[in-house]
Amino acid sequence: MQLGARWAAGSPPHRGVPAALHGEIAAQEAAHPRASAWTLTWLEGRPRCALDDAIVVTLDRSGAVVSRAVAERGEPAGPGSGSPASGTSREDAGVGDTGFGDTGFDDDDEWLR
């Protein structure tokens, strides 16, 4: 089991953050100087570092570093997120009047795609 952690923006990344993410974390801190803290969580064995619920830095299935802005509702923005920009609506993705979308829980595994 891997536990998550929090650390202040501008401080060195928590010791649990893989070194592969350190450069992107520094770049996102430079791009968001008013940010206050990072949160490290683990999903399916992969690190997920969120900067004030605005940016998520993680590793994709192949181990490449991925950085995405998070939409207001806590959903990743961009391709594969179900946003209009990706060309897929939430209804097209199988979330509509019935099913998971009605439970009030965010589907937090969109970053895996």
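What you see below is based on every heavy atom in this structure, not just the backbone, and it leaves out hydrogens, waters and symmetry mates. Predicted, not measured: the structure shown is a model, and the values here were computed from it.
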Expected output: side-chain [X] to main-chain [Y] donor-acceptor under 3.5 Å:
| X | Y | answer |
| --- | --- | --- |
| D52 | A54 | no |
| H14 | G16 | yes |
| H32 | A27 | no |
| E29 | A9 | no |

Step by step, work out the side-chain contact (heavy atoms from CB on, under 4.5 Å) result for V17 and L40. CA-CA 7 Å; V17 177; L40 167 65; 4.0 Å; yes
Answer yes if the side chains of R6 and T39 hold a donor-acceptor pair under 3.5 Å, and no otherwise. yes
What's the shortest heavy-atom distance between [X] and [Y], and which atoms?
| X | Y | result |
| --- | --- | --- |
| Q28 | L51 | O-CD2, 4.0 Å |
| V57 | S67 | CG2-OG, 3.9 Å |
| A69 | I55 | CA-CD1, 3.9 Å |

OG1-CG distance between T41 and L3, expressed to the nearest 0.5 angstrom: 11.5 Å
Anything under 30° is parallel, anything over 60° is perpendicular, the rest tilted; go ahead and classify W7 against W38. parallel
Indicate yes or no: at least one non-hydrogen side-chain atom of D53 is less than 4.5 angstrom from one of V70. no
When V66, L59, T58 are each screened for side chain to side chain contact (heavy atoms under 4.5 Å, CB included) with L21, the one that passes is L59
